[in-house]
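Below: the structure, in structure tokens.
Just so you know, residue 1 is the first one in the sequence shown, and it goes up from there.
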Amino acid sequence: MSELEYIPIEAGLMQVISAEMAWHYRIVPRSQEAGKVAFFAEAPTAAIAEELEVVLGQAVLLQAASSAQIERTLNKYFRRAQSSQRQATPQAATVRSPATEDFLFQLIAEARQLGSSDIHIETYAEKARVRIRIDGLLVERYHLPKSEYPALINRVKIMSGLDIAEKRLPQDGRIFFTAPDQRRFDIRVSVLPTLHGEKAVLRLLSNDTTNLDLNTLGFHANDLTNYLEGIRRPTGMVLISGPTGSGKTTTLYATLKLLNQESRNITTIEDPIEYTLEGINQVQLRENIGLDFSKALRTFLRQDPNVIMVGEIRDPETATMAIRASLTGHLVLSTIHTNSAWGTVARLVDMGVPPYLVATTLNTSVAQRLLRLLCPHCKREEEFSTSLYPRRFHPFRPVKSHYLAAGCDLCYYTGYRGRQAVYEVIPLDAELADFLKNENRDVSSLLQQRGIVSLAENAFALFERGDTTLDEIYPLLFGTL
């Protein structure tokens, strides 16, 4: 490579900015004087100059350079670190006037474009910031002036129809937002009083059901067959378990989309309604006026439904009503918080449902988790050592090498890009039902004979193929100790 193909940098200028900042802003240091620093930039805009001035505390001058020169220079002088699994996140941009409606509009539009599920606007003793959740991980995007933070919170309250004078109690609201591409979607807003001021969390709820397809969510072939058999039965229950944020609701909506036919009456009770499905009667939970899951279920039974979806079975009364609905000729879909598919059985029994009723009504029990996938642009291969496994864990198959999350611009320096669900599906047949009626909880050997693939093994297969990291599947491996 000749000297003309990149921009030479003096040794003393290498410490002006970090490698992460150089790559993030696509800039190269040119010179530095007292209180002033100059850069070559791929896109020398006033906004970038202003952000750099705040971050560096100096006046900044930008001069244009070709994209090819910037790329070659960055690769020569600011190589990305490869010694650690994850690079540092680049400096968040500082916003000087966040209270304007334009900033909030741009923030929501940006979060939507990046596929974010939540926006966190929060304040502390010394700073205020905005973070957005991408692929389940919060990424800091903006710093805000403390003096203008209350005005931004008021703007959020006004847009979501909340009381701007109330600063002592939590408030919940909703924003109906139209993106620049003219697509409309809903935003659920929660405002919480904290020690240093109010915090706002905006949950972006998508109305786009285009990608809701059971075939693309991550089911293995045998698991998908077992699941489809469960939801195609006219009566009974199909329950999906997993922690908050594991994708249970998405699986339920994909199921409803498949079942949504003119010949079926489908009714749901949800909190919140995350997708709008044409042809399905969707009811928003309103506990403040007495409309909870169990009361809605009682009413549903008088609405001649074929399929009932309950957002969550969280108490004995709802569990009893769901069992009753499944016994009287309805298919009931719901979620429940347990750690495994068979743990759903124990949870229902703990709620007071007799084991024989669980055996009679439960068609299929599903456990689900969401795993982040490695960014294909920056992941790096490394020789694997079995010492990285949890103690006493016996691997399903030997692994010679694995991939680590490095981090780049395309994945916001997280090392991950996108997520995929992993499942464990247990169809309750006659033998398992008898096993359950006898209240014998140690069912692992019988499940293995049935060919049921566990959550841990499905997650291990993703790791084995180089699609995710050991860090992502590590918690699931403890279930196999």
Side-chain angles (χ1 to χ4, degrees), residues 80-87 89 114-117 133-139 211-227 240-243 245-251 254 339-341 366-390 393-425 451-480:
R80 290 160 167 149
Q82 297 294 321
S83 58
S84 63
Q85 292 189 18
R86 181 177 296 170
Q87 288 186 337
T89 303
L114 296 175
S116 172
S117 60
R133 190 177 295 280
I134 303 174
D135 293 334
L137 185 73
L138 283 171
V139 177
N211 297 322
L212 289 178
D213 188 345
L214 289 174
N215 294 298
T216 61
L217 292 183
F219 282 101
H220 286 189
N222 188 54
D223 289 338
L224 182 58
T225 299
N226 289 334
Y227 184 72
I240 303 178
S241 67
S246 60
K248 304 185 298 296
T249 303
T250 299
T251 302
N339 292 325
S340 65
V366 181
Q368 176 174 350
R369 298 293 189 278
L370 273 181
L371 298 179
R372 290 184 295 166
L373 301 177
L374 280 163
C375 174
H377 301 282
C378 62
K379 69 177 184 179
R380 60 187 181 88
E381 191 173 8
E382 191 175 89
E383 186 177 348
F384 184 72
S385 170
T386 55
S387 63
L388 298 175
Y389 287 131
F393 168 71
H394 300 289
F396 302 104
R397 294 167 293 277
V399 174
K400 294 182 179 179
S401 65
H402 68 136
Y403 286 88
L404 300 179
C408 65
D409 289 341
L410 296 175
C411 62
Y412 314 104
Y413 293 88
T414 64
Y416 299 91
R417 193 173 185 185
R419 291 187 292 177
Q420 180 174 318
V422 290
Y423 294 91
E424 178 182 341
V425 181
I452 303 300
V453 182
S454 68
L455 268 176
E457 189 166 358
N458 279 330
F460 190 87
L462 276 181
F463 164 69
E464 192 177 28
R465 294 199 302 265
D467 292 334
T468 191
T469 62
L470 183 63
D471 287 343
E472 281 293 291
I473 70 168
Y474 201 93
L476 294 178
L477 301 185
F478 282 100
T480 63

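- The two atoms that bring Ala459 and Ile473 nearest to each other are O-CG2, 3.6 Å, heavy atoms only.
- Taken to the nearest 0.5 Å, the CG atom of Leu224 stands 11.0 Å off from the NE2 atom of His220.
- The minimum heavy-atom distance between Tyr423 and Gln368, with the atom names listed, is CE2-OE1, 3.3 Å.
- Of the possible donor and acceptor atoms, none in the side chain of Ser117 sits under 3.5 Å from a partner among the backbone N and O of Asp135.
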Give the intermediate values and the outcome of side-chain contact (heavy atoms from CB on, under 4.5 Å) for residues Leu371 and Leu462. CA-CA 9 Å; Leu371 298 179; Leu462 276 181; 3.9 Å; yes
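- When side chains are defined from C-beta on, Val139 does not count as touching Leu114, because their heavy atoms never get closer than 4.5 Å.
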Step-by-step side-chain contact (heavy atoms from CB on, under 4.5 Å) determination, Val399 to Phe460: CA-CA 10 Å; Val399 174; Phe460 190 87; 3.7 Å; yes
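- Heavy-atom minimum distance, Ser241 versus Lys248: C-CD, 3.6 Å.
- Between Lys400 and Glu381 there is no salt bridge, since no side-chain nitrogen of the basic residue lies less than 4.0 Å from a carboxylate oxygen of the acidic one.
- Between the Thr468 side chain and the Leu373 main chain, no donor and acceptor come within less than 3.5 Å of each other.
- A distance of 9.5 Å separates SG in Cys378 from CZ in Arg417, rounded to the nearest 0.5 Å.
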Checking Leu404 against Thr469 for the side-chain contact (heavy atoms from CB on, under 4.5 Å) test, could you report, in this order, the C-alpha distance in whole Å, the side-chain angles of both residues, the deciding distance, and whether it holds? CA-CA 6 Å; Leu404 300 179; Thr469 62; 5.7 Å; no
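- When all heavy atoms are compared, the tightest approach of Leu455 to Asn339 is CD1-O, 4.3 Å.
- Looking only at atom types and distance, the side chain of Tyr227 has no donor-acceptor partner in the side chain of Thr251 under 3.5 Å away.
- Ring pair Tyr474/Phe463: centre-to-centre distance not below 6.0 Å.
- The two atoms that bring Gln420 and Leu217 nearest to each other are CG-O, 4.1 Å, heavy atoms only.
- Ring-plane geometry between Phe384 and His402 is classed as perpendicular, the angle between the planes exceeding 60 degrees on a 0 to 90 degree scale with a lower cut at 30.
- Without hydrogens or angle criteria, Glu472 side chain to Arg372 main chain gives a donor-acceptor distance under 3.5 Å.
- Here Thr414 contributes atom OG1 and Leu374 contributes atom CG; the two are 9.5 Å apart, rounded to the nearest 0.5 Å.
- In this view, Pro243 and Ser246, Arg369 satisfy the side-chain contact (heavy atoms from CB on, under 4.5 Å) rule, not counting sequence neighbours.
- Counting only distance, with no hydrogens or angles, the side chain of Ser385 and the backbone of Leu388 share no donor-acceptor pair below 3.5 Å.
- For Asp467, the CG atom counts as densely surrounded, since its 6.0 Å shell holds more than 12 non-hydrogen atoms of other residues, nucleotides or ligands.
- A pairwise comparison of heavy atoms in Leu477 and Leu470 identifies CD1-CD1, 3.9 Å as the closest pair.
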